[in-house]
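All remarks here apply to the structure that follows.
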Amino acid sequence: MHTQTTSPMTDTVTATQPNDSLTTPAHNSLPPITILDGGMGRELERRGAPFRQPEWSALSLSLAPDSVRDVHLDYIKAGATVITVNSYAVTPYHLGDGFFSDGEQLIRTAAQLAFAAVQESEKLVDNQQASEKPNHSASVQIAGCLPPLFGSYRPDLFDSKQAPTIARPLLSAQIDYVDMWLVETQSSIVEAQTWHQLITGFTVAQKEAISKKEIAPEKETASKTETVAKPIWIAFTLDDSQLDIDDDDSDSSAEPSRAVSTPMLRSGESVAEAVQAMMALNVDAVLFNCSQPEVMNAALQTAKELIDKAAHPMQLGVYANAFVSKQVHKQANAQLRDMREDTTPEHYLTWAKLWQASGANIIGGCCGIGVEHIERLAQHL
């Protein structure tokens, strides 16, 4: 799930400015940063590509695939070193029964478009045309997007018995094109644990099939890596409903006290419980995504403390959204949300510096965070 829209703003929340002392630690204490891309759906909408609910960014896979490839390429040019396959909305929740007839091909198309963008970016480097963008990198990786299988922000709808049926095409259609798995916008611990179980089971099955020579270990035209075992990144979405404002209080600013409350998942489970569960699974990275910037740092600090105490090598990351706060807890597919006017590239960079200082070494953007935001991160982190 992954800039700003031209629709008028009806509600505005001014984000809390992080304390400058927290954003400027000693240079040698900062972790090196992996730059993720930003949101896909709103970037497609901004460019006039087909975009609506409930299909979201999946609509352009069939109606405007070149637009999807171009967004990927622009994120790479902006400095992203990891781009995410546009398969977030290719689930029954977004496509209905069409998922079961067309879903696997749409997912494969999405993976191929990301791969084509990386190939094109490498040609630009070879032709020395990338000098116009000093942040451009040839070493770009592709994250296979594994979305919430039963809807964003809806832990109540999760069905572990039905999960394998939906997950299988998401795994099989992306495997030959991606470098890692990014499990996105998980609202509960059981969602994340189920995805991890499905990934590891799929990986074992692939290895066994290769050893029996039932399938080739890689495809000539596509495979990004030499092995089917890929790093697993798990991204949790946080409860940011405490930032909601009343209709008659639309000019209120987010107070610092509201930005440091106990971090929770949308299921009501604590971030501490989620991080401990992911350490037990030995996932490669835990991230926090598709939530507002104000709630991210408390989650990062909680995670960092637990990881350091356990001396665990797990990485930490953040990619926040730019939704208007009073709408963040509503059903994800109910409507197209307005975007905050205060989440400018410069302001988002201020938050990113705070996250880096708190231990994040993977930073990007989610809904409403676009190419300009990612370019600013790549220039300054």
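Scope of the values below: all heavy atoms of this structure, side chains included, with no hydrogens, waters or symmetry mates.
- Heavy-atom minimum distance, Gly38 versus Ile374: N-CG1, 3.7 Å.
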side-chain contact (heavy atoms from CB on, under 4.5 Å) between Met180 and Asp284, worked out: CA-CA 10 Å; Met180 68 197 72; Asp284 297 276; over 6 Å; no

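- Using modelled atom types, one finds no donor on one side chain facing an acceptor on the other under 3.5 Å when comparing Thr165 with Gln162.
- Enclosure of atom CG in Asp308 by more than 12 non-hydrogen atoms of other residues, nucleotides or ligands within 6.0 angstrom is indicated.
- When atom types are taken as modelled, the side chain of Gln379 and the backbone of Leu377 share no donor-acceptor pair closer than 3.5 angstrom.
- In this structure a side-chain-to-backbone donor-acceptor pair under 3.5 Å is missing from Ser358 to Gln301.
- A distance of 12.0 Å separates CZ in Arg266 from CZ in Arg154, rounded to the nearest 0.5 Å.
- Atom CD in Gln315 sits 6.0 Å away from atom CH2 in Trp233 (nearest 0.5 Å).
- When all heavy atoms of Met296 and Leu238 are compared, the pair lying nearest together is SD-CD1, 3.8 Å.
- A single hydrophobic cluster is seen to contain both Ile33 and Leu300, as judged by linkage of ILVMFWY side chains at heavy-atom distances under 4.5 Å, directly or through other members.
- When the shell of 6.0 Å around CD of Gln197 is examined, it contains 12 or fewer heavy atoms from other residues, nucleotides or ligands.
- Under the 3.5 Å distance criterion, the side-chain polar atoms of Asp37 are matched with a main-chain donor or acceptor of Thr84.
- Contact of the Arg340 side chain with the Asn321 side chain is not registered, since no non-hydrogen atoms from C-beta on lie closer than 4.5 Å.
- Between Trp351 and Thr343 the shortest side-chain heavy-atom distance does not fall below 4.5 Å.
- When atom types are taken as modelled, the side chain of Ser60 and the backbone of Ser57 share no donor-acceptor pair closer than 3.5 angstrom.
- A donor-acceptor distance shorter than 3.5 angstrom exists from the side chain of Glu269 to the backbone of Ile189, with no hydrogens or angles considered.
- In this structure a side-chain-to-backbone donor-acceptor pair under 3.5 Å is present from Thr344 to His347.
- Minimum interatomic distance between Ser87 and Gln174 (heavy atoms only, all atoms of both residues): OG-NE2, 3.5 Å.
- Residue Pro148 forms a side chain to side chain contact (heavy atoms under 4.5 Å, CB included) with just one option from Tyr153, Trp195, Tyr88, and that option is Tyr88.
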side-chain contact (heavy atoms from CB on, under 4.5 Å) between Gln141 and Thr81, worked out: CA-CA 6 Å; Gln141 293 188 305; Thr81 54; over 6 Å; no

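- Side-chain contact between Asp239 and Val295 is absent, with no heavy atoms from C-beta onward closer than 4.5 Å.
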Leu106/Leu95 under side-chain contact (heavy atoms from CB on, under 4.5 Å): CA gap, chis, key distance, verdict: CA-CA 11 Å; Leu106 286 175; Leu95 301 182; 3.9 Å; yes

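- If you look at Trp355 and Tyr319, their ring centroids are not closer than 6.0 Å.
- Look at Arg108 and Glu104 and you find a salt bridge, because one of the NZ, NE, NH1 or NH2 atoms lies within 4.0 Å of a carboxylate O, short of that distance.
- Residue Ile234 comes nearest to Ala192 through the heavy atom pair CG2-CB, 3.7 Å, listed as atom of the first residue, atom of the second, then distance.
- With hydrogens and angles ignored, the 3.5 Å screen pairs a side-chain donor or acceptor of His373 with a backbone N or O of Gly370.
- By the 4.5 Å heavy-atom criterion applied to side chains, Leu349 and Leu381 are counted as neighbours.
- Listed here is the closest heavy atom pair of Val82 and Ala143: CG1-CB, 3.9 Å.
- One hydrophobic cluster holds both Leu281 and Ile199 under the rule that ILVMFWY side chains link at heavy-atom gaps under 4.5 Å.
- Within the 4.5 Å cutoff, the side chain of Val90 has no heavy atoms near those of the Pro169 side chain.
- Here the side chains of Met278 and Val275 are not in contact, with every heavy-atom distance at 4.5 Å or above.
- With values rounded to the nearest 0.5 angstrom, Leu36 atom CG is found 6.5 Å from Leu287 atom CG.
- Using a cutoff of 4.0 Å between basic side-chain nitrogens and carboxylate oxygens, Lys161 and Asp159 are not scored as salt-bridged.
- For Gln105, the CD atom counts as densely surrounded, since its 6.0 Å shell holds more than 12 non-hydrogen atoms of other residues, nucleotides or ligands.
- For the pair Phe236 and Asn289, the minimum side-chain heavy-atom distance is 4.5 Å or more.
- From Leu61, atom CG reaches atom CG of Asn86 across 4.5 Å, with rounding to the nearest 0.5 Å.
- Residue Thr237 forms a side chain to side chain donor-acceptor pair (under 3.5 Å) with just one option from Ser188, Ser291, Ser267, and that option is Ser291.
- A salt bridge is defined here as a Lys NZ or Arg NE, NH1 or NH2 lying under 4.0 Å from an Asp or Glu carboxylate O, and Arg376 with Glu372 fails to meet this definition.
- In this structure, NZ on Lys207 lies 7.0 Å from OG1 on Thr203, to the nearest 0.5 angstrom.
- Each of Ile107 and Leu63 belongs to its own hydrophobic cluster when Ile, Leu, Val, Met, Phe, Trp and Tyr are linked at side-chain heavy-atom distances under 4.5 angstrom.
- Atom CZ of Arg46 sits about 4.0 Å away from atom CD of Glu43, to the nearest 0.5 Å.
- Taking 4.5 Å as the limit, every side-chain heavy atom of Thr185 sits out of range of all side-chain heavy atoms of Pro147.
- No continuous path of ILVMFWY side-chain contacts below 4.5 Å connects Leu59 to Val85, so the two sit in separate hydrophobic clusters.
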Derivation of the side-chain contact (heavy atoms from CB on, under 4.5 Å) call for Thr194 and Val190: CA-CA 6 Å; Thr194 300; Val190 69; 4.0 Å; yes

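- Shortest non-hydrogen contact noted between Glu45 and Phe51 is CB-CD2, 3.4 Å.
- Residues Val283 and Val204 are members of separate hydrophobic clusters, defined by side-chain heavy-atom contacts under 4.5 angstrom among Ile, Leu, Val, Met, Phe, Trp and Tyr.
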